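Keep in mind the model is a prediction, meaning the values are calculated, not measured.
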Amino acid sequence: HSTLLEALCAARADDRSALEAEAYSAWLCGNMALEREDWDTALAKLSRCRTVYDELSKAAEGPDQALYKKRVEEIDPSIRYCKYNVARQGGATDL
């Protein structure tokens, strides 16, 4: 359902809302992949989520900026965990 929200926001919402929906969708998909131990997918989705939130934090000010930075900090440990597991399985972790 998060991909439907992402598509709807991309078509009808402002740029910021569309980016927030994209980040949310990537976060949900990344966490689902993490639970399934699909490390490559989780790494790709969580990395995309982190990138979007990082870019939003650069464009925002005040409380919004702090919120986006906090999201980045919360995602980083999961990304490190995915990279560790991808490397353990002999995959590339250059995301």
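- Taking 4.0 Å as the cut-off between side-chain N and carboxylate O, Arg80 and Asp76 do not count as a salt-bridged pair.
- Applying the side-chain hydrogen bond (donor to acceptor under 3.5 Å, both in side chains) test to every pair with at least one member in residues 9-22, sequence neighbours left out, gives these pairs: Asp14-Ser17, Arg16-Glu20, Arg16-Asp64, Arg16-Tyr68, Glu20-Tyr68, Glu22-Arg48.
- Leu5 is listed as a side-chain neighbour of Cys9, based on a closest heavy-atom distance under 4.5 Å.
- Residues Ala23 and Cys49 approach most closely at O-SG, 3.3 Å, considering heavy atoms.
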Can I get a per-line list of side-chain donor-acceptor pairs under 3.5 Å for residues 25-35, giving both atom names and the distance, sequence neighbours left out?
residue	atom	partner	partner atom	Å
Ser25	OG	Ser2	OG	3.3
Ser25	OG	Glu6	OE1	3.1
Asn31	ND2	Trp27	O	2.9

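- Residues passing the side-chain hydrogen bond (donor to acceptor under 3.5 Å, both in side chains) test with Thr3: none are found, sequence neighbours excluded.
- Partners of Glu74 by side-chain contact (heavy atoms from CB on, under 4.5 Å), not counting sequence neighbours, listed by chain and number: Lys70, Arg71.
- Of all non-hydrogen atoms in Ser57 and Lys69, the two that sit nearest each other are CB-CG, 3.8 Å.
- Tyr24 approaches Tyr53 most closely through the heavy-atom pair N-OH, 4.2 Å.
- Using a 4.5 Å cut-off on side-chain heavy atoms (C-beta onward), Leu19 and Glu55 make no contact.
- For the atom pair CG (Leu46) and NZ (Lys83), the distance works out to 11.5 Å, reported to the nearest 0.5 Å.
- Note that CG of Asn85 is 10.0 Å distant from CG of Asp40, once rounded to the nearest 0.5 Å.
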